[in-house]
Asks: 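Starting off with a structure, shown below.
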Amino acid sequence: MQIVTPDTVPVVDPERFGTVFDAHYEEIRRYIGRRLDLDVAEDLASETFLIAFRQRGRFDPARGAVRPWLYGIATNLIGRHRRAELRRYRALARTGPPPDDDGHDQRVADRVTAGVTVGRLSGALAGLSRGERDVVLLVAYGGLTYDEVAEALGVANGTVASRLSRARTKLHKSLGVEIG
């Protein structure tokens, strides 16, 4: 008897697609929210699953699991918002993170430190190429392995490794961190 998990459920079956949605929606929404504004995350996460549902007949489990496939769809949707993403990183580099909603005084020192760190990191991320940024953020925000990133982006594992290596070098240089 075969055990059915959210990554092995036949996505072509519309009745069982809900299992995929339930298992991965929140993770995909969080990934998009980290890449773009939270206001956009709900809409793009929903659009990710709408596209996945519509294209479920094209999904080939022999090529990989459902999770990287969904990340690939989400990353492509994020690509459509790339200019806004770059503007956001550049703005954060200039201004730092937005203020806390709850405004607790004891967090002021933490916010100042975080503002400097977020500003520097955002500026460094804005300086990466689109491919390098996608690889870094799929690994950092999505927690994907090299194999999963390659599958999500439709590139070879060697491409993932070289993009990540170049990105690390650029980030270290931009952030003033010595590689050693």
Side-chain angles (χ1 to χ4, degrees), residues 24-48 51 67-180:
H24 299 290
Y25 177 82
E26 190 59 33
E27 178 182 358
I28 296 295
R29 188 198 58 77
R30 276 193 314 270
Y31 168 69
I32 295 169
R34 289 174 174 160
R35 295 282 308 264
L36 301 170
D37 291 325
L38 291 176
D39 298 339
V40 178
E42 287 288 332
D43 291 340
L44 287 184
S46 296
E47 190 173 347
T48 297
I51 290 169
R67 183 174 177 253
W69 178 60
L70 293 170
Y71 271 100
I73 293 169
T75 299
N76 287 336
L77 288 173
I78 290 168
R80 295 180 189 167
H81 291 69
R82 196 136 337 257
R83 281 179 279 178
E85 180 183 37
L86 281 173
R87 283 193 303 270
R88 178 174 180 247
Y89 284 136
R90 288 180 180 136
L92 283 172
R94 289 189 307 274
T95 63
D100 276 341
D101 290 337
D102 54 12
H104 294 290
D105 290 342
Q106 74 261 20
R107 295 171 62 184
V108 170
D110 291 341
R111 296 280 313 148
V112 170
T113 302
V116 170
T117 303
V118 167
R120 290 180 63 215
L121 182 56
S122 296
L125 286 170
L128 298 177
S129 73
R130 182 183 94 189
E132 292 164 348
R133 193 170 40 256
D134 283 343
V135 169
V136 167
L137 296 177
L138 281 167
V139 170
Y141 289 167
L144 272 65
T145 65
Y146 283 29
D147 290 340
E148 290 173 324
V149 171
E151 191 178 325
L153 297 178
V155 299
N157 282 5
T159 302
V160 171
S162 65
R163 285 180 184 175
L164 193 56
S165 177
R166 282 193 309 271
R168 283 180 175 151
T169 300
K170 288 178 182 179
L171 289 171
H172 284 140
K173 183 177 179 182
S174 180
L175 296 171
V177 177
E178 289 191 35
I179 303 172

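Given the structure is predicted, the values throughout are model-derived calculations rather than measurements.
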Asks: Mind checking whether Leu77 and Ile51 have side chains closer than 4.5 Å, heavy atoms only?
Replies: yes

Asks: Drop me the distance from Arg166's CZ to Leu171's CG, to the nearest 0.5 angstrom.
Replies: 12.5 Å

Asks: From Leu144 CG over to Leu137 CG, what is the distance, rounded to the nearest 0.5 angstrom?
Replies: 11.5 Å

Asks: Regarding Glu151 and Tyr71, do their side chains bring together a donor and an acceptor under 3.5 Å, going by distance alone?
Replies: no

Asks: Does the pair Val149 and Val139 meet the rule for a side chain to side chain contact (heavy atoms under 4.5 Å, CB included), with working shown?
Replies: CA-CA 7 Å; Val149 171; Val139 170; 3.9 Å; yes

Asks: Could you tell me the separation between the CG atom of Leu125 and the CD atom of Glu132, rounded to the nearest 0.5 Å?
Replies: 11.0 Å

Asks: I'd like to know if the side chain of Arg34 and the backbone of Tyr141 have a donor-acceptor N/O pair within less than 3.5 Å.
Replies: yes

Asks: Side chains of Val135 and Val155, heavy atoms from C-beta outward: is any pair under 4.5 Å?
Replies: no

Asks: By side-chain hydrogen bond (donor to acceptor under 3.5 Å, both in side chains), which residues pair with Tyr31, not counting sequence neighbours?
Replies: Arg35, Thr75

Asks: Using the rule given for side chain to side chain contact (heavy atoms under 4.5 Å, CB included), can you reason through Leu44 versus Glu47, listing the C-alpha separation, both sets of side-chain angles and the distance that settles it, and then say yes or no?
Replies: CA-CA 5 Å; Leu44 287 184; Glu47 190 173 347; 3.7 Å; yes

Asks: Hey, are the side chains of His24 and Thr48 touching, using non-hydrogen atoms and a 4.5 Å cut-off?
Replies: no

Asks: Is the backbone of Ala45 close enough, under 3.5 Å, to the side chain of Arg29 for a donor and an acceptor to pair up by distance?
Replies: no

Asks: Donor-acceptor pair, Ser162 side chain versus Gly158 backbone, under 3.5 Å?
Replies: yes

